[in-house]
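Here's the structure we're looking at; comments come further down.
Values below: every heavy atom of this structure, side chains too, minus hydrogens, waters and symmetry copies.
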Amino acid sequence: MTPAHHQARTDGPGHAPELRAAARRLGRRRFLTVTGAAAALAFSVNLPAAGTASAAELDAAHLTDDPFTLGVASGDPQPGSVLLWTRLAPVPYQADSGLPAKRIDVSWELALDERFRRVVRRGRATAHPEFHHTVHVEVDHLAPGHVYHYRFRAGRYVSPAGRTRTAPAPRSRASDLTFGVVSCQRYDQGHYTAYRHLAKEDVDVVLHLGDYLYEYAVNSSAGSRAYPEGTLPDLFDRETVTLEDYRLRYALYKSDPDLRAAHAAHPFVVTWDDHETENNYAGETPENSVPPEEFLIRRAAAYRAYWENMPLRRPQLPDGADLRLYRRLHWGRLAQFDVLDTRQYRSNQAYGDGWQFPGPESENPGRTMTGDAQERWLINGWHRSDALWNVVPQQVTFSQRFNSTSTPSKVSMDSWDGYPASRERLLAGAQAAGVENLMVLTGDVHVHYGFDIKRDFEDPGSRTLGTEIVTTSVTSGRDGSAKPSNWDTLMAANPHLRFYSGLRGYTTVSLGREVARADFKTVSHVTTEGAPLTTAASFVTEVGEQGLKPA
């Protein structure tokens, strides 16, 4: 069941006039660093700005309703540190979450056992109204490779308990790691049955590869969820544009009990794709023709709400319309994770986006998917890596993907096929760095794919540099089918494509010192609840001999 529903109090869907004016004057994405514009939506850096941080305090003892309606989460495990998250929202479907614009003191504790008899750390944090009463706690000086349990308290209310873990010690020879891979969870296209199953999985961490929410309007029946008419308030029945819109949409998504259960069960490592802001945007270029300043304000609002609602650390705190999301995590010497952002810095899609024949525009060597700085960071990180597995969680299909057996064939201009020079630089960089066990993780396309990554996709006999595991959606696309209508065509047109399924679900990947195993898991339906979980296919790839083989 979802929390009680209340109509939000709002001043309308438009942006603050002073932000509009500042953006028009500056015309660049740094506009939100201007003091007046920043203050208008509290787009502050680090802690809230002087004056706001000293805002009046609400005594948590005066809370009359449970503030932990949106659950708890943890993220980005490090060897001696965990990141804990919650948000206070007694009335989540209301713009102010049922709280005054006052700071609230929240306590937390971390224990070795789920009954909290062996508490190892405890402390206090402030839920600032400028951050919509979200709490991000970085707990340091912990033992590597340990499981911990955590919870929050505000007044007389105690949050649900969560389970998290630290990564192994930096130089340790960790023998194994199992992680879940999820993406694309449009709320109004199905139930989060996949998350119900994932919450019960024995995984160390979950990687979310984008489209955590969708910007599209959600009607009162929640679309395919088919709630009784009038269940959801009208404030969700509009596209997200403002900071208030995005914050409310996260409240809607996080009100789902299965999503909350998955967050409570496992630490998440998250990265975004497009729908957290707007469909198929590219850098500073929106999908539709709107004034540049309008889109930059929207992007700033979306990025702000994303950080507030995700278990992210302080280095990811947004600065106006910018947020550095790409980052590196390690699992001992077993795996290095280079988490990419393929939206914020990319060149605009060639030929007007969509499926097009490649040509001079898409093949321009100056085009980039990652931006120059992120590209250098990734390749330099590979050169310094001493990990057995180099894993790249990112958003859109990396491997070549023809949609017909004709020559030439159209390719997706939104995927790496629309940026072949950028892909070639990464493949050359991986080869030069001596990366022998490369694994790219992908979401976006609402299907399961298993690809061999070829050094030259035009030559099926060329060296296989690694594997790409594309996970299907949690709900996006509704029920789907095990064998989509283009299954035969895609399998014939792409000899490096080893697996393809169009059902919903998620993937689990186990990395070992000799082999990695990918299990593509599916549910038969999401438009109604209760579907069982099936392992549709399992593949392995061997250390030193990359390429997917049936398990």
Minimum heavy-atom distance [X]-[Y], with the two atoms named:
X    : Y    : answer
W331 : P77  : CZ3-CG, 4.3 Å
S255 : L70  : N-CD2, 4.0 Å
G443 : L209 : N-CD1, 3.8 Å
A421 : P365 : CB-CA, 3.6 Å
H275 : E215 : ND1-OE1, 2.8 Å
D256 : R225 : OD2-NH1, 2.9 Å

Does [X] reach the main-chain N or O of [Y] with its side chain, forming a donor-acceptor pair under 3.5 Å?
X    : Y    : result
T541 : G547 : yes
Y246 : T277 : yes
T464 : K454 : no
R299 : G283 : yes
R327 : V339 : no
K521 : G505 : no
T368 : S422 : no
T534 : A536 : no

May I ask you to decide whether [X] forms a salt bridge with [Y], counting only side-chain N to carboxylate O separations under 4.0 Å?
X    : Y    : value
E308 : R304 : yes
D417 : K410 : no
D452 : R498 : yes

Listing request: all ring pair (Phe, Tyr, Trp, His ring centres under 6.0 Å) pairs with a residue in residues 513-536, at least two apart in sequence or in separate chains. H448-F520, F499-F520
Evaluate the ring planes of Y212 and H263, with Trp represented by its six-membered ring, and classify them as parallel (under 30°), tilted (30 to 60°) or perpendicular (over 60°). tilted
Classify the angle between the aromatic ring planes of Y449 and Y500 as parallel (below 30°), tilted (30 to 60°) or perpendicular (above 60°). tilted
Mind checking whether T535 and T508 have side chains closer than 4.5 Å, heavy atoms only? no
Among all residues two or more places apart in sequence or in another chain, which pass the side-chain hydrogen bond (donor to acceptor under 3.5 Å, both in side chains) test with [X]?
X    : result
N403 : S409
D273 : R343
T442 : Q394, E468

Pair R367-S362, side-chain donor/acceptor within less than 3.5 Å: no
Check the side chains of D414 and Q349 for a donor-acceptor pair under 3.5 angstrom, ignoring hydrogens and angles. yes
Can you tell me how far the CG atom of D353 sits from the CG atom of N348, to the nearest 0.5 Å? 7.5 Å
Can you list everything that forms a side-chain contact (heavy atoms from CB on, under 4.5 Å) with N390? Sequence neighbours excluded, please. Q336, W382, S385, V435
Name all residues meeting the side-chain contact (heavy atoms from CB on, under 4.5 Å) criterion together with L465; count only those two or more places apart in sequence or in a different chain, and write none if there are none. L427, R455, R463
Within 45° cone and under 6.0 Å: R249 NZ/CZ vs Y216 ring: no
